Amino acid sequence: FEMTVKKARALSGLTVGVTGTDAIYEKLASKLYAEGASVSRIGKSKVLPMNEDVLAQTVKSIKSYQWIVFTSRNAIDLFFRAVRNENVDMRTFCHVKFAVVGSGTKEYLEQFGFYADYMPDKFTTESLANGLSQVVKAQEHVLIPRAKQGSKRLTEILQEANIEYTDLSVYDVKAEQAKVSDIKGLDFLTFESGSGVRGFFESDPEEKVKILNQSVYPVCIGHVTSEVLKEYGVTRALVAKDYTADGICEILKEGGCDVSKNSGR
């Protein structure tokens with residue numbers, strides 16, 4: 001007779017909650033299911049474009065700016081969508097330098113044919129701002145197309161350094177409010193963006209912070225997202241080494257082993 005031995009999958013018996021947009025959920029959920037995890041959709045997020053007319057005018061007058069700073073993939077998408085819609089010739093960017101907050105944003109920018117001129121060693125908004133204050137020259141104008149919920153620390157540091165900037169909100173993130181009862185049974189809860197974190201904490205923030213510090217491990221796609229969690233007092237987040245759905249899955253597999261051991265699973 002033949003005996004079939006099934007190898008236990010890395011996340012078998014663990015439950016992972018996934019916050020964020022449909023795009024990240026679809027990518028991540030299929031990978032988590034393949035590793036044996038149970039997956040719950042928590043606090044679905046929607047990216048809502050805003051100030052589209054202002055952005056359209058901005059991309060048509062891009063010669064006014066010497067730096068463009070990107071802190072998220074969503075901002076890159078919306079910016080270059082406006083470039084296409086307004087028929088802006090890519091050659092008008094020949095004088096522009098690009099700054100990004102981290103490697104995931106850097107790689108995404110490259111898909112549009114541009115390479116970052118500056119990226120901080122530490123992938124946080126504060127490190128990005130401090131670095132820009134060193135590399136941006138006097139009289140240079142910085143454009144920052146980003147989320148409405150973007151960290152104020154970025155512009156505070158630029159202002160302290162007397163750097164001229166335009167902070168343009170090009171999108172808002174609206175998250176369905178996650179119920180505390182839906183979170184309590186999870187082993188992990190993933191976050192894909194800082195703006196998504198802020199949306200998550202719009203309701204019952206104290207109770208959610210308590211849960212994430214005591215029983216449910218938060219998992220972030222990058223350090224920028226984990227820094228926003230710290231603003232709310234959540235200090236033990238796991239951070240993906242590769243800022244993608246695959247990266248989240250890998251760090252979950254590493255952390256999942258520890259959770260399984262500690263819980264006796």
Side-chain angles (χ1 to χ4, degrees), residues 10-22 24-25 28-29 32 35-47 71-72 101-102 122-127 147-154 172-241 243 245 247-265:
L11 298 177
S12 293
L14 296 176
T15 302
V16 182
V18 178
T19 71
T21 61
D22 287 337
I24 191 69
Y25 177 78
L28 189 51
L32 295 175
E35 295 293 344
S38 296
V39 182
S40 294
R41 186 74 192 269
I42 305 291
K44 179 179 178 180
S45 295
K46 288 185 178 180
V47 176
T71 59
S72 72
V101 74
K122 188 177 180 182
F123 301 159
T124 67
T125 305
E126 188 162 354
S127 295
K148 180 182 178 182
Q149 305 91 337
S151 170
K152 293 180 181 178
R153 191 66 186 131
L154 173 56
D172 193 4
V173 175
K174 291 295 182 184
E176 293 177 354
Q177 291 311 302
K179 297 178 182 177
V180 169
S181 57
D182 292 336
I183 303 165
K184 285 184 175 179
L186 303 173
D187 294 297
F188 296 101
L189 182 61
T190 70
F191 294 95
E192 67 160 329
S193 69
S195 51
V197 170
R198 292 189 174 93
F200 173 79
F201 283 115
E202 282 182 5
S203 67
D204 303 308
E206 292 182 4
E207 187 65 21
K208 288 175 180 176
V209 167
K210 184 178 178 182
I211 292 170
L212 293 181
N213 277 330
Q214 294 181 359
S215 59
V216 179
Y217 278 88
V219 182
C220 297
I221 200 167
H223 287 288
V224 172
T225 308
S226 69
E227 288 295 316
V228 178
L229 274 175
K230 288 179 184 177
E231 292 176 14
Y232 289 89
V234 179
T235 57
R236 64 171 194 160
L238 301 175
V239 180
K241 294 169 185 149
Y243 297 176
I248 291 179
C249 198
E250 287 304 312
I251 200 70
L252 276 167
K253 286 195 285 185
E254 292 177 21
C257 295
D258 295 333
V259 170
S260 296
K261 290 174 186 174
N262 293 337
S263 63
R265 292 178 183 175

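Only a predicted model underlies this, so the values are computations on that prediction, with no experimental measurement involved.
Checked by atom type and distance alone, the side chain of T19 pairs as donor or acceptor with a backbone atom of T190 at under 3.5 Å. A distance-only check finds a donor-acceptor pair linking the side chain of N213 to the backbone of G233 [under 3.5 Å]. Distance alone, capped at 3.5 Å, places no donor-acceptor pair between the R41 side chain and the Y25 backbone. Counting only distance, with no hydrogens or angles, the side chain of Q177 and the backbone of A175 share a donor-acceptor pair below 3.5 Å. In terms of modelled atom types and a separation under 3.5 Å, the side chain of Q149 and the main chain of V173 share a donor-acceptor contact.
Annotation for G17 and I42: closest pair CA-CG1, 3.9 Å, computed over non-hydrogen atoms. Closest approach of A178 to I183, counting heavy atoms only: CB-CD1, 4.3 Å. Here the shortest heavy-atom pairing between Q214 and R236 reads C-NH2, 3.4 Å. Shortest non-hydrogen contact noted between P218 and V234 is CG-CG1, 3.7 Å. In terms of heavy atoms, F123 sits closest to H223 at O-CB, 3.3 Å. Here the closest non-hydrogen pair linking T15 and G185 is CB-O, 4.3 Å.
Between the CG atom of L212 and the OG1 atom of T235 there is a distance of 10.5 Å, given to the nearest 0.5 Å. With values rounded to the nearest 0.5 angstrom, K174 atom NZ is found 12.5 Å from K46 atom NZ. Remark: S45 OG to I24 CD1 distance equals 11.0 Å, nearest 0.5 Å. Atoms CD and CD1, on E206 and I211 in that order, are 12.0 Å from each other to the nearest 0.5 Å. How far CD of E227 is from OG of S151: 9.5 Å, rounded to the nearest 0.5 Å. I221 contributes atom CD1, which lies 12.0 Å from atom OG of S226 (distance to the nearest 0.5 angstrom).
Under the 4.5 Å side-chain criterion, counting only non-hydrogen atoms from C-beta, I251 is not in contact with V239. A heavy-atom distance below 4.5 Å is found between the side chains of L186 and S40. The side-chain heavy atoms of L32 and L252, taken from C-beta on, include a pair separated by under 4.5 Å.
In this structure, F191 and F200 have perpendicular ring planes: the angle between them is above 60°, well past the 30° mark.
Screening L11, L14, V216 for a side-chain contact (heavy atoms from CB on, under 4.5 Å) with D187, the sole residue that qualifies is L14. Checking each of I248, T21, V18, V197 against E192 for a side-chain contact (heavy atoms from CB on, under 4.5 Å) leaves exactly one that passes, namely T21.
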Intermediate values then yes/no, salt bridge (Lys or Arg N to Asp or Glu O under 4.0 Å), E207 and K210: CA-CA 5 Å; E207 187 65 21; K210 184 178 178 182; 5.2 Å; no
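Remark: K241 engages E254 in a salt bridge, criterion side-chain N to carboxylate O under 4.0 Å.
Side-chain polar atoms of S203 and K208 form a donor-acceptor pair below 3.5 angstrom.
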